[in-house]
Structure formats: structure tokens, C-alpha cells
There are 2 protein chains.
Amino acid sequence: MRRRATAKNVADAAGVSKWTVIRAFTPGASITEESKRRVLQAAAALNYSPNLLARSLATNLTHQVAIFVDDFANPQKLPFLETLTDRLQAEGLVAMLININNHFDHVRALLNADQRQVDAIIMFGTAFRSETLNDRRLGRSMPPMFVLARDSQIDGVPAVVCDAELALKEIVDHLYEKGYRRPGFMAGAPALSTALRRRHHFIDFWKQKGVDETAVISAERYSAQAGAESVRHYLQNTDAKDRVDVLMCENDILAIGALDEIRGQFGLRVPQDMAVIGFDNYELGGASVYGLSTYEQPKDEMVEVVIEMITGRRPPETVTLPGKLIVRNSA
Amino acid sequence: MRRRATAKNVADAAGVSKWTVIRAFTPGASITEESKRRVLQAAAALNYSPNLLARSLATNLTHQVAIFVDDFANPQKLPFLETLTDRLQAEGLVAMLININNHFDHVRALLNADQRQVDAIIMFGTAFRSETLNDRRLGRSMPPMFVLARDSQIDGVPAVVCDAELALKEIVDHLYEKGYRRPGFMAGAPALSTALRRRHHFIDFWKQKGVDETAVISAERYSAQAGAESVRHYLQNTDAKDRVDVLMCENDILAIGALDEIRGQFGLRVPQDMAVIGFDNYELGGASVYGLSTYEQPKDEMVEVVIEMITGRRPPETVTLPGKLIVRNSA
DNA sequence: CACGCGTTTGCACCCGGTAGCAAACGCATT
DNA sequence: AATGCGTTTGCTACCGGGTGCAAACGCGTG
């Protein structure tokens, strides 16, 4: 049985009361140098460190933040998670990673996070609907929630997103200028896709340019394979003359799968026969075999803003940040 | 101020004592159907659910498992994390994701995990040295630790790994049979590389085949870019006639970077001019532009074994599992 | 109706901290 | 030596549950 030393143990060893021990571990507490020295020495000998669980119970603060993720196919999640955990840790917080999937839905995850008394919940790119919040199993007062990298569809739950309207405007402007006139859009998993609003704005801006028809093709999931399958189906069922001249994919991982299929299996040239553009600026898209044009989300700033909201340094209101168009040779 | 209902509140509402409320939430506890019904009804009305923090304090079990990760560049981490979190959640456990980096070293992470009373720690692919455990800041009794996807260099800390010896034997056998005789090995970040023992066995098996010389080239990190830079440096400084005929990269992400550079920047043919083989079977390596030969780790089984050890269903002893050679056309 | 037995319920105490108040202490002043 | 004041220390109560024991209860039996 693991048994850690408690404040009481240290107190006995140092010949003081447990409250004095606690003061020695509380910055700015009223304690003499001498007592502090003796306590710290006894604590070191016993390898004492405060039990954060007990502290959390008393203070009603766990310094834990739940991060909900429901799509692990997108490699872009990884750098985001890296930055998130790093920034959280710098603030003395720790990330609880919760996998939302068929076995573990949003309601269960919320219930779990709430029971564990997390200080905040970050819905990182998860498709989260307001009905979920109204589930009767859920209490009325949940920990503060934030949506990262996806629009919030819930009143009172702020989102931190890359400005999709601006992004799609820049993308469509660029494509139009390059001469493309028959646009197509590849959407990912239907359940996850809507909140991104990328499709919506893409179609809209083409309309503003007088191009009324945007072909929409759907992928099952967000993965290279799904992207490949989706474009294969499209190419097999569409005559060469009717095909789109540029395909915008909802994210880079779909775009990479599509690009690979277009060139590898159908022997078409990119961008001459069909141009492709993605979203996210996933590292491998920049590899010379792909040369994928894409749009980069301001990851660091987005994470920073969420952190500021969680720590209360910034009001919990939706923030939209501009990203950056990355032009390579696929479009 | 968020205030959740407590067992006491429910007790008052249901007209019983708080212990009866607790019994209603304890499977198999001694309580009449009638009491249970009334308690659950009152609980539902108040949206009560037990405070897991308080429970953890009393039971000395948090059902939290810390996962240490120190390399977010390898996209292969993501499917592993997905499986890990999913399996943990199925066991009623939750993952605490801890980012080990320059700002947050192993000692700090261990201290933190210990203070938070996690039930176990999984070092997922982290380079962890036994000196760390001897750090005087650390107590003598840490939570149970397990190393996943990397050899353990510490007595008493079991590892769950893909059998590197078998893997490299299969790889070298395959390459030898294909006629390659001038092998090269690309190692990743020096601090992280040694524990994988891939280089070691690679060189060894070639020696057994009478090939004594294996060129070793190093990458700075585990990333496509680092792989590209590393191979660029090699190709620029090595005459065509002196070059290796097959390059084994420590993982797929390095291999993809290298492959891209070899073909894209140097115009060499793969595998004719130089063959490439990786490790991990990262999804994109299978894309037709790459066709990367690789070796797949038995992810699901590895995770399963760790879970069994954590839950005590399996003794905490190092387990080595066989993987699978995936032959595509890069080697 | 008293008795006995198994079930249900309530209680004191515990987990390891925190908060705020009151007593004890140190020291200078009168 | 008595007084006063600021600092240090200890104490009670509390956070929200869990444990093990003892009292209370229900019910069949003699």
C-alpha cells in the first residue's frame, strides 16, 4: 500500500502543529524563518508534498481542465494538443483528455468532467449540439465551457475560432484570380462538418463572384482514406468535361488523400487537370510531393485566448482570429 | 459560484440520512428498494451526483492515469492516444495528458502526478532515465509506472513494446533478400533514440549477414522536416557511388520526409536509386505517392496489455509483442 | 406477546487538506 | 513589573464523501 506522508506526520517530526506545516507550504503565510526551515527539513526527510486532492476538495479548485476530442484522425490535433498542454501546464493547470466516441458520448463526458470537478472544459473541435446541454441527466451548473477551433452553437458558450468567413474569402479570391470557375467542395464527416461553416462561406463567396454552382462531395470521415474514396467515387461518376476545376477540401488530411488519389490512381495532373486546396496547414501537406495550398489557423493565438478565458484574464466571449493563406502549387 | 448538491442535501430532501443516500449510489449496498427509489428521485430533482474528488480522498483511488508524452511531432501518437483514452475510459479511468518538454521535465511531471494521486503513470514513448527516478525531490513510493512503446531502462518499471529484435530481423531479412547490400540508418532525436534499440538491432543483423558497414545519419528531431534535412545533408556530402542503397528510418515520419527530399529535391528514384523503409505504419505512408514499406506495431494489443497491468489483471512485467512487416514499393 | 434473526439505518470517526478566529508569544515602552 | 501591539501558532469547524459498528426495524416463530 502506497502511503504518502501527511502534514500531520511532518508536524510531529518537526515538533509543530500541522497548521504550521501547511503555512510553510503556503506562499506568503505568516510563519517565522526558523519554523519554516525546520518544517521544510522534516518535509524533505519524509518526502512530503501536499495532497492536491485534499486541497482541491477544500478550495473547490482542481486546476484540472477537461479537453474533449472526438476526431483523432486529423493529425492537426496533435500540435494543438501539444500547445494546449504546454500552456495549461505553464499556468499550473493540467489537461484531462477525454475521448468522445460511440462508447462515450458528450453527456457522459460532461457528467464525468463535472463529477471530477474540473475547473473548465474545452471542447476541442468537437461537434457539440445544444440539445446535449439540455439532457436531463445534466445539472444546471456545469463547469465553464469553451469551444476551440469550431463555432459554438450554444448560447453562453464562447468559441475561439479561426475566422472562417475571412479565410474562405481569401481562398475564393485567390482561386478566382487564378482563373478557376468550376469549384467543388469536399465535406468531412456529416456530424462534424456543419459547425465549421467552411462549406457555407465557400459556396457563398463563389456566388458573389457570379459562380452559382458549387459541387459538394462528401467524405465519410476526416481521414486521407475517406478523402481518397470520396474523390474516387466522384471521378468515376463524373465525365471529364463536367468535372470541377478546383476542389477545396474541408481539411488537409482529406486534401492529401484526395490529391494522392487524383494523381496516383487517375493519373490526372494537379493543378492543371484539377486543382486542390486544403485547410489547416498540416506539415506533410508542405512536402514537395504534395505542395498543397492551404490555410493556416493561428494555433498559438487561439490557444492563448482560450487560456486567458479559463484563467479569467479575458471575458468569456467568442473570439475570431485571422489565419493565413498558404499558396503552394496545388492551386 | 458553482455549487453542486451534496449527499446531505439529497438526504434532507428524501427524508433520510446522508449514509442512506450514499448507499443508494453504492452498487450492492444494503438498502431497501423503497429508500433507493426515494433517494434516486430526490437526487434526480437536485441533479446530484457524487463528488469524485471527495470519494477519491476517502478511498485513496482517483481512477486517473497520467500519460507522459514528450514527442508530439510523430503523428503516430494520435491513434495510440485514441486507443489509450478509449480503453481507459471503458475501465472507468481517465487520462491526464502531461507534456514533457523543456519547461516541464520528468521530475516535475512525476511530482505533479504523484501529488494528484494518480493511480498509475504511463510513460508513452518518453525517454526516461533511471537517474530521474533517483532525483532527491522524488519520494520513494511513486504510483505504479509503465513504459509504453519504448524499452524501460529502469528496474521494476515494466515496458510494453513491439519486439524490436524480431522486427529488425524481419526487416533486414527482407532487405537482404531484395538484394540490398549497403544499408543506412537514420536515427531521430539523440535523446529519444537510444531506447528504441532499432538502430542497434539493424546494425547487428546486417553484421550477421556479413555486411559490416551500416551508415548512420542523424536527424535533429522526429519530424518530416528533420528527416528531409538529414538526408539532404547526407546526399550533398556523399558521392553517388558511395551512397547507401537502402535507408531505414527510425520512424515513418522521418522516412516520409526523407523520401520526399530524395525524390523531390534530388530527383532520385525510390527504390531503384535508393530504397527507403520506415517504422510505425503511419497512415499517410501508405498513400500511393509514398508507398512506404514499414513495420506496424501491434497498437491495440500493446494498449490492452498496459490496461491489464494497470487494472491488476496482469502482473507488471515487461511484455514484448510481435509486429508486422508491411511491404510496399519503397523497399 | 416475547423472542430471535437478518436486514436496514444512523452514527462516530476518518481521508488530508483550508479558513478564520483566538490564544500565546516576543518585544518595546511606560 | 505591567501594558500594549504586532506576529506567530494552535484550534475549531469544514470541504464531501467512505468505513465499520451498533442500534433500530421487520418479520416469522414458539
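Naming convention: chains lettered A, B, ... in sequence-line order (proteins, then strands); numbering from 1 in each chain.
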Per the atom types in the model, does the base of D/dG10 pair as donor or acceptor with the side chain of A/Arg23 at under 3.5 Å?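 Per atom types, the contact qualifies.
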Polar side-chain contact B/Trp19-C/dT8 base: donor and acceptor under 3.5 Å: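 Counting by modelled atom types and ignoring angles, no donor-acceptor contact under 3.5 Å is found here.
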Would you kindly compare B/Ala54 and A/Ile22 by the position of their nearest DNA chain C nucleotide and give the one closer to the 5′ end?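 First, find each residue's nearest nucleotide; the 5'-ward one identifies B/Ala54.
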Counting only heavy atoms not in A/Arg136, do more than 12 sit closer than 6.0 Å to its CZ atom?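 Incorrect, the count does not exceed 12.
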Is the number of heavy atoms from other residues, nucleotides or ligands within 6.0 Å of CD (A/Glu34) greater than 12?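 Atom CD in A/Glu34 is packed in, count exceeds 12.
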Report the C-alpha distance between A/Gln117 and B/Arg4 in whole Å, list the side-chain angles of each, state the deciding distance to 0.1 Å, and finish with yes or no for side-chain hydrogen bond (donor to acceptor under 3.5 Å, both in side chains). CA-CA 10 Å; A/Gln117 322 289 115; B/Arg4 300 162 41 92; 3.3 Å; yes
Atom pair distance, as rounded to whole Å: [atom1] in [X] and [atom2] in [N]:
X: A/Arg116; N: D/dG16; atom1: CZ; atom2: C1'; answer: 16 Å
X: B/Ile31; N: D/dA24; atom1: CD1; atom2: P; answer: 20 Å
X: B/Arg4; N: D/dG16; atom1: CZ; atom2: C1'; answer: 10 Å
X: A/Glu34; N: D/dT8; atom1: CD; atom2: P; answer: 13 Å
X: B/Leu53; N: D/dG18; atom1: CG; atom2: C1'; answer: 14 Å
X: B/Lys8; N: D/dC14; atom1: NZ; atom2: C1'; answer: 14 Å
X: A/Asp114; N: D/dG16; atom1: CG; atom2: C1'; answer: 14 Å
X: A/His63; N: C/dG17; atom1: NE2; atom2: C1'; answer: 13 Å

What nucleic acid atoms does [X] come within less than 4.0 Å of, heavy atoms only: base, sugar-phosphate, or nothing?
X: A/Thr26; result: nothing
X: B/Leu57; result: base
X: A/Ser56; result: nothing
X: A/Lys18; result: base
X: A/Tyr48; result: sugar-phosphate
X: B/Ser30; result: base

Please determine whether side chain to side chain contact (heavy atoms under 4.5 Å, CB included) holds for the pair A/Arg116 and B/Gln64, giving the CA-CA distance in whole Å, both sets of side-chain angles, and the decisive distance to 0.1 Å. CA-CA 10 Å; A/Arg116 289 182 187 274; B/Gln64 290 204 223; 3.5 Å; yes
Side-chain N,O (A/Thr20) to OP1/OP2 (D/dG10) below 4.0 Å: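 For A/Thr20, the contact criterion (side-chain N or O under 4.0 Å from OP1 or OP2 of D/dG10) is met.
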Looking only at side-chain N and O atoms, does B/Thr32 come under 4.0 Å of OP1 or OP2 in C/dT9?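 For B/Thr32, the contact criterion (side-chain N or O under 4.0 Å from OP1 or OP2 of C/dT9) is met.
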Geometric class of the B/Phe25/B/Tyr48 ring pair [parallel <30°, tilted 30-60°, perpendicular >60°]: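 B/Tyr48 and B/Phe25: perpendicular rings.
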Considering only C/dG16, C/dG10, C/dT8, which nucleotide approaches the side chain of B/Ser17 most closely?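 My answer, after comparing the listed nucleotides, is C/dG10.
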Of the nucleotides C/dT8, D/dG17, C/dG16, which has the atom closest to the A/Asn51 side chain?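 Out of C/dT8, D/dG17, C/dG16, the nucleotide with an atom closest to A/Asn51's side chain is C/dG16.
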Map B/Thr6 and A/Ala29 onto DNA chain D by nearest heavy atom, then report which one ends up closer to the 5' terminus.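 Looking at the nearest nucleotide for each, A/Ala29 comes out on the 5' side.
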Indicate yes or no: does A/Arg87 engage A/Glu91 in a salt bridge with an N to O separation below 4.0 Å.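 Looking at A/Arg87 and A/Glu91, the cut-off is met.
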